[in-house]
Protein chains: 2
Amino acid sequence: MGATKTEHFTDKQNAIAKLAKAMAHPARVAIIDYLLSVDTCICGDIVNELPLAQPTVSQHLKELKEAGIIKGSIDGTSICYCIDELAILEIQKYFEEISNNLNIKKNICC
Amino acid sequence: MGATKTEHFTDKQNAIAKLAKAMAHPARVAIIDYLLSVDTCICGDIVNELPLAQPTVSQHLKELKEAGIIKGSIDGTSICYCIDELAILEIQKYFEEISNNLNIKKNICC
DNA sequence: TATATTTATCGTAATATTGCAATAAAATGA
DNA sequence: TCATTTTATTGCAATATTACGATAAATATA
């Protein structure tokens with residue numbers, strides 16, 4: 001008990017849940033916001049932007065990276081993180097599909 | 001320690017995180033998929049569709065409802081759940097904005 | 001080589017989530 | 001009223017997440 005029953009759901013359902021989970025924390029949303037706001041996809045001053053300690057930020061970055069939402073490349077002692085378009089596109093299209101689907105149906109009840 | 005530091009982030013960041021969190025479990029993605037697949041936004045046979053016990057499904061439905069992603073109306077002994085367009089629209093637009101933003105920038109590094 | 005800078009990892013405490021059996025609550029029909 | 005049906009709630013165990021201090025690892029520079 002306690003662990004998610006991943007094996008009972010489709011690959012797509014698990015994939016969407018994984019992407020959503022990566023965005024399921026305000027600090028990680030803030031990281032994405034910040035990466036969008038800077039011109040050069042700047043590095044570890046993300047820590048200075050967030051009200052969290054460096055290890056905590058590092059952990060959030062790791063989760064975003066593992067979900068495929070950001071990617072990082074080493075640049076000397078610092079690391080340059082930026083958003084991975086593919087993952088964003090995948091989740092964007094998922095919600096777009098739902099939106100379109102809802103428009104066609106036009107809620108029968110509720 | 002341990003609890004999310006909600007108060008340090010913007011309302012928008014918290015709102016997006018909350019919606020994403022609601023979708024951060026494959027069972028809840030499956031519920032949305034099912035609600036989209038049925039013509040009449042049918043009720044509690046969601047339990048039969050999912051590989052989870054009734055109390056677990058009820059709990060997932062509650063979380064989706066509290067996040068505003070679904071709404072339910074009582075119909076005799078059963079309850080009719082369906083997707084709330086507004087919440088879907090909000091999260092859809094968020095990811096669309098990111099997508100558009102990324103298209104303009106066209107990744108400088110990484 | 002020693003030091004500073006930057007990021008990652010470890011260890012741990014606090015809290016949250018997931019899942020289900022048991023049970024309650026609410027409405028219907030006999 | 002009493003059983004049936006449907007959904008919600010309670011209580012609890014297992015697991016996951018969040019946060020951070022301490023520390024390690026990696027690279028650059030003096």
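Please read these numbers as outputs of a predicted model, since none were measured by experiment. Residue numbering restarts at 1 for every chain, and letters A, B, ... go by the order of the sequence lines.
Within residues 47-64 of chain A, the residues having any heavy atom closer than 4.0 Å to DNA chain D are, in order of number, L52(A), A53(A), P55(A), T56(A), Q59(A), H60(A), E63(A). Only at 4.0 angstrom or more do the heavy atoms of residues 6-15 of chain A sit from any atom of DNA chain D, so none qualifies. Contacts between residues 24-32 of chain B and DNA chain C, defined by a heavy-atom separation below 4.0 Å, involve H25(B), R28(B), listed by number.
Counting only heavy atoms from C-beta outward, the side chains of I74(B) and I79(B) approach each other to under 4.5 Å. No side-chain heavy atom of S99(A) sits under 4.5 Å from any side-chain heavy atom of L102(A). The shortest side-chain heavy-atom distance between Y34(B) and L50(B) does not fall under the 4.5 Å cut-off. Between T4(B) and H25(A) the shortest side-chain heavy-atom distance falls below 4.5 Å. The shortest distance between side-chain heavy atoms of Y94(A) and I32(B) falls below 4.5 Å.
At the phosphate of dT17(D), OP1 or OP2 sits under 4.0 Å from a side-chain N or O atom of K21(A). Taking only side-chain nitrogens and oxygens, Y81(B) comes nearer than 4.0 Å to OP1 or OP2 of dA8(D).
From L35(A), atom CG reaches atom CD of E49(A) across 10.5 Å, with rounding to the nearest 0.5 Å. For the atom pair E85(B) CD and N103(A) CG, the distance stands at 6.5 Å (nearest 0.5 Å). In this structure, CG in L89(B) is found 10.0 Å from CG in D84(B), a value given to the nearest 0.5 Å. In this structure, L52(A) CG and I46(A) CD1 are separated by 12.0 Å, a value rounded to the nearest 0.5 Å. With rounding to the nearest 0.5 angstrom, the CD1 atom of I31(A) is 10.0 Å from the CD atom of Q13(B). Rounded to the nearest 0.5 Å, atoms CG (L86(B)) and CD1 (I69(B)) are 12.0 Å apart.
Applying the side-chain hydrogen bond (donor to acceptor under 3.5 Å, both in side chains) test to pairs two or more places apart or on separate chains, none has a residue in residues 14-24 of chain A.
M23(B) has its CE atom 17 Å from the C1' atom of dT17(C), to the nearest Å.
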Check the interface with nucleotides 25-30 of chain C: list each N/O to N/O pair with the protein under 3.5 Å, or write none.
none

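When each of dT6(D), dT18(C), dT7(C) is scored by its nearest atom to the side-chain atoms of I79(A), the top-ranked nucleotide is dT7(C).
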Donor-acceptor list for residues 56-67 of chain B side chains, cut-off 3.5 Å, not counting sequence neighbours:
| residue | atom | partner | partner atom | Å |
| --- | --- | --- | --- | --- |
| H60(B) | ND1 | R28(B) | NH1 | 2.9 |
| E63(B) | OE1 | R28(B) | NH1 | 3.0 |

